[in-house]
Structures are given as C-alpha cells and as structure tokens.
Amino acid sequence: MNLEEKQQRLAQFAQAHRENGLPVTMQRRAVFESVLEREDHPSADEVYAAVRAELPEISRMTVYRILGNLVALGLLNKICHPGSVARFDPKIYQHHHLVCLDCGGIIDLEEERLNKVAWPDVRRFGFEIADYHIHFRGRCAACRQAAKKSRKPPTKRKQTS
Ligand SMILES: [Zn+2]
Ligand SMILES: [Zn+2]
C-alpha cells in the first residue's frame with residue numbers, strides 16, 4: 001500500500017467515524033493502522049499481539065470489539081474460510097484468495113476476469129446475492145518446499161549375498 005493510498009484510507013476511517021458519531025480513539029486508530037499495513041490477513045489474535053506492542057494496556061476484548069466495529073463500518077473486510085478462524089483484510093474491494101491447506105496462509109489474487117463471473121439465478125431459494133469472492137485451495141510455496149524436504153529418500157535395499 002503506497003502512502004497516498006494509506007492517507008486516503010485514513011481519511012475514509014476518520015469520515016466513517018464522524019458520520020456515525022464515533023470517537024476516533026488512539027486504540028481504534030492503532031487497530032486500523034495495524035491491519036492496513038499487512039497483506040497476510042491476520043487473525044484477531046495476531047492483530048492483538050501487534051497492537052499490544054504499541055499500546056501495552058489494550059485488552060484482547062477491546063481489540064476484538066474494535067475489529068468488529070471496523071468491519072461493520074465497511075473499513076475492513078472479515079474473511080471466513082471453513083475450518084479456520086476469522087481473518088481481517090484491509091482490501092475492501094473485490095479480490096480473491098489462494099488459501100493454503102497446510103499453514104492457513106492467504107495470498108491475495110487480483111484478476112479482473114474473476115470479477116466477471118455470471119451470478120447464478122437463485123430466486124427459487126428466495127436468496128439475494130450481495131457479492132462473492134473465490135478462494136482457491138492448495139499448498140503454498142513454503143509448505144510445498146517443506147513437504148519435499150521431509151519426504152524420506154527411498155531406503156536402499158541391502159545387498160545380501
Ligand atoms: Zn502453506
Ligand atoms: Zn485479501
């Protein structure tokens with residue numbers, strides 16, 4: 001995220017708080033900035049650990065509550081993939097994810113053509129689609145490398161004479 005983009009997001013942050021009559025506290029700002037600077041889609045606990053380095057007094061509950069608020073205000077995205085804890089994403093525009101089945105790592109995938117998937121007709125379910133994102137599941141480079149290393153070489157058969 002470049003400086004200009006960051007300033008724009010901080011302005012958006014201030015505006016959303018003003019419009020909703022919420023105070024911009026140091027804690028809220030620290031939580032928001034902590035997620036804004038990351039591309040690894042941290043969990044709430046990871047955000048808590050990062051913010052606590054800066055504001056040692058902050059409680060886990062407060063960080064969880066602020067994250068919930070920031071999502072409700074549309075300033076952050078919450079992503080939930082089955083089988084893993086909720087993660088937070090500073091990118092609020094449509095993009096997609098590569099999700100590692102081994103380490104749970106999430107990599108952003110921005111491909112214009114994936115934003116153009118035709119939505120199915122789901123009126124028969126009485127359902128109204130709001131948005132979508134695609135997650136491709138597999139194994140990341142680091143996990144593939146680790147798997148390769150731990151694979152035991154084939155045991156040599158002893159020559160018996
Ligand atoms: Zn991995
Ligand atoms: Zn993302």
Side-chain angles (χ1 to χ4, degrees), residues 1-17 19-20 22 24 27-55 58 60-120 122 127-153:
M1 185 169 287
N2 61 37
L3 193 65
E4 195 185 339
E5 215 177 325
K6 194 180 167 187
Q7 278 168 347
Q8 190 210 324
R9 293 299 304 275
L10 286 170
Q12 192 182 19
F13 169 85
Q15 190 189 345
H17 281 73
E19 281 171 4
N20 289 277
L22 296 163
V24 176
Q27 296 185 328
R28 283 171 167 274
R29 202 181 146 104
V31 170
F32 184 62
E33 280 197 63
S34 160
V35 179
L36 207 53
E37 281 159 13
R38 296 173 72 147
E39 288 199 342
D40 62 340
H41 307 80
S43 66
D45 277 340
E46 287 166 342
V47 176
Y48 170 58
V51 173
R52 208 166 51 148
E54 208 183 311
L55 302 173
I58 201 164
R60 179 187 301 253
M61 278 292 285
T62 303
V63 171
Y64 273 63
R65 186 172 42 77
I66 292 174
L67 283 169
N69 288 162
L70 295 176
V71 170
L73 289 170
L75 295 166
L76 294 179
N77 245 342
K78 182 179 181 173
I79 49 181
C80 304
H81 291 134
S84 81
V85 296
R87 310 267 290 260
F88 296 86
D89 194 333
K91 290 184 182 160
I92 48 177
Y93 55 86
Q94 188 177 29
H95 68 283
H96 311 278
H97 290 136
L98 301 176
V99 183
C100 179
L101 291 165
D102 286 350
C103 69
I106 299 177
I107 299 167
D108 283 332
L109 180 67
E110 299 188 28
E111 263 196 53
E112 195 50 35
R113 67 193 176 94
L114 297 178
N115 299 347
K116 292 177 181 152
V117 172
W119 290 9
V122 291
F127 193 93
E128 188 184 22
I129 296 175
D131 61 14
Y132 74 93
H133 89 270
I134 299 171
H135 65 272
F136 295 95
R137 305 192 301 155
R139 278 175 185 86
C140 73
C143 290
R144 290 178 56 216
Q145 196 60 37
K148 216 183 281 174
K149 266 185 203 153
S150 69
R151 205 178 296 146
K152 289 193 183 96

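Whatever order the structure lists ligands and atoms in, that order sets their numbers, starting from 1. Each residue takes its place number in the sequence, starting with 1.
- No side-chain heavy atom of Y48 sits less than 4.5 Å from a side-chain heavy atom of L67.
- The N, O or S atom of H97 lying closest to the Zn ion (ligand 2) is NE2.
- For R60 and D45, the salt-bridge test passes: some basic side-chain N is under 4.0 Å from an acidic carboxylate O.
- The only member of I79, V35, L76 that meets side chain to side chain contact (heavy atoms under 4.5 Å, CB included) when paired with D89 is I79.
- Nearest N/O/S atom of D89 with respect to the Zn ion (ligand 2) is recorded as OD2.
- Our summary of the site lists the angle at the Zn ion (ligand 1) between SG of C103 and SG of C140 as 110°, to the nearest 10 degrees.
- The name of the N, O or S atom in D108 nearest to the Zn ion (ligand 2) is OD1.
- Centred on the Zn ion (ligand 1), the angle running from C100 (SG) to C143 (SG) is recorded as 110°, rounding to 10°.
- With values rounded to the nearest 0.5 angstrom, R65 atom CZ is found 7.5 Å from Q27 atom CD.
- Between the Zn ion (ligand 2) and the N, O or S atoms of H95, the shortest distance is to NE2.
- Taken to the nearest 0.5 Å, the CD1 atom of I66 stands 12.5 Å off from the CG atom of L75.
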